[in-house]
Structure formats: C-alpha cells, structure tokens
Amino acid sequence: MSEQRVRVPVADLDPVIHAPARLAIVTALFVVERADFVFLQRQTELTRGNLSSHLSKLEDAGYLAVEKTFVRRVPRTLLRLTSAGREAFRKYRDQMQQALKDLPD
Amino acid sequence: MKDTDLDRLEGKVYREYNRDGALEFLIGIGFVLAGAFVLGSRHGSFVGLVPIFIVLLSRAWKKRITYPRLGYAEFTAARQAGKKRLLVLVLLTIAAVIILGVIGHLAAKATFADKDLMDLPHANLVLGGLLVLFVLAIAVFRKASALYPVVVVFLVLVVLSDQGYLRLNEAILWTGLLSLLIGTVKLIRFVHAHPRMDGDAARE
C-alpha cells in the first residue's frame, strides 16, 4: 500500500510575489498599463526606500520593467509588469484561490 | 480574486483621478468665461475658442495638481477604449466650439443691432439645450456624478431664459459659477486628502 503524500498547498507559491509588499506592488501594477513611482507609493503606502528595494527584487525576477522616458526634457520613470510578471501574478492568484479552497473547515 | 475584482480595483483607482475637481472646475471656468466675458460682446464668435483653452488647461491641471499627488498611471481599460475615447472627446469639443460659436456670433449680432439676443423662436431652448446635452454627455462619459446637479440647474435656467426671465449668457454664467463652486470644493477636499509627495518622489 503506497503512502499518500499530503502536499501543503501554499508550498508552490511564488516567493517573489508572496511577500505582502511585493504582492501590493504587483496588484497595483496589474490593473494599470504602467505607472510611476509616486503612484506605487500611494497605492502601497510603502516608504520610498522600501519600495525601491522591492522594485529591484521584482525587476531581478524579470517581473518588472523600468522605462525611462523624457517628457519635455523632464525625465520620467515608468514601471510596468512584464508578460512574465503578469503570468506569475495570474498563476499566484489561481494557486492562492485553490489553497484557500482546499483548507479544511 | 476574480477578474471582476481586479476590474473593480482598476475602476476604484481610476475614479480617484476624477476626484480632483478638474472637470467641474474647468467646465465652470469655461462657462463663466463664455457667459460673463465673451457672449454678448462684439467678439462673441471667439467664445468658440473657450473649449480649446479648457482642454489645454486640463492638461496643465493634471500635471501640476493631480499627478504630483496621486502619481501618473496609464489604465488598461483606458488604453483599450483609447481611440474611441479620443474620438468622442474630439467630437464633443468640436460640438462645443460650434454651439458656443453660433451663440456668440448671434449674441454679437444682437449687440450691434441692439435687440433681443436671438429672434428665432425658442432659439435659447435649442442652443442652450444643446449645451445642456454637451455637459450631460461629459458627465455620463466621464462618470462624473457631481455634474448631474449642474446639468439639472442648467436645464432649468435655459428653460427660464427661453421664457424670457433671463438671458442665455446669464444662464451659462450661473451654471458656470455653480460648477466652479463644486469643482473648488472637490479640489480643496482632494488637496487635503492627498498631500503632495516630496520633491524627489514627485519627479520620479
């Protein structure tokens, strides 16, 4: 008789997205096309340094793209989720929904 | 989290950008300018330029007041509806230019001739009604519920002007003042609720 392994449903969750601060960032960026730093600060209520640090982690994971543009010679930095980032968020969302569904009453 | 929840979240964030009072304030400015300074003067036809001035002013408003406080974001739904939205906005602006231009032209003629604003029967109702529809279209299109009382008051004033109780430019002026008041209140609330971010962050 084979032993049935019990899998913890949250074990497969993406650790890059799972952190609360980064989850807030990814959720905020998921509903927009692209946004600037101030927008993210407002939506996530993170400090400037904290936000920068989490953005770097998301960028390193390939989930975030930083676009530097000029508007009338004034530099503007816009942030957007890459297709990998959007896909990772969708996957995370589905896994989380499943995990919550599988929880015993 | 369902997609509808995300849509709701996007809608919530998007609506926050409409709480800055810009729409009401700028429509108010436009109507006050049209009603008080241009209509009824010799240069009535130039009132058609007011909507163009308002469009330019709205861009400056977003840049100076809204974005430094809420940040800049491009919305997915807005992008999807971008071309349609742009077309409707252009059509609305052209309609406003034409309607105001016609009213201004007739008003200027009336000034020269020293007679009533327009001789056509129910001309106030027709032209004012078109302006009411213009404001209503903006309110519906931009989901700006604060503009609905303005539309109602404007309609009442247009009907009164058609009955001869006041001139059409006075109806436009009073409507503009009401809209300006609503916009100012919204602006004050917005500025209090969203203090400007520090300089560096705002420039990012």
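Numbered from 1 within each chain, the chains take letters A, B, ... in sequence-line order.
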| task | Supply the atom-to-atom distance Leu70(B) CG to Gln43(A) CD, rounded to the nearest 0.5 angstrom. | result | 8.0 Å
| task | State whether the number of non-hydrogen atoms from other residues, nucleotides or ligands found under 6.0 Å of Trp61(B) atom CH2 is greater than 12. | result | yes
| field | Side-chain donor/acceptor of Arg42(A) to backbone N/O of Arg69(B), under 3.5 Å | value | yes
| request: Report, as yes or no, whether the 6.0 Å neighbourhood of atom OH on Tyr148(B) holds more than 12 heavy atoms from other residues, nucleotides or ligands. | output: yes
| Contacts of Arg80(A) that satisfy side chain to side chain donor-acceptor pair (under 3.5 Å) - sequence neighbours left out | Glu67(A)
| request: Measure across Ala73(B) and Val32(A) and return the closest heavy-atom pair with its distance rounded to 0.1 Å. | output: CB-CG1, 4.2 Å
| request: To the nearest 0.5 angstrom, please state how far the CZ atom of Phe39(A) sits from the CD atom of Glu16(B). | output: 8.0 Å
| request: Using a 4.5 Å cut-off on heavy atoms from C-beta on, say whether the side chain of Leu78(A) contacts that of Tyr72(B). | output: yes
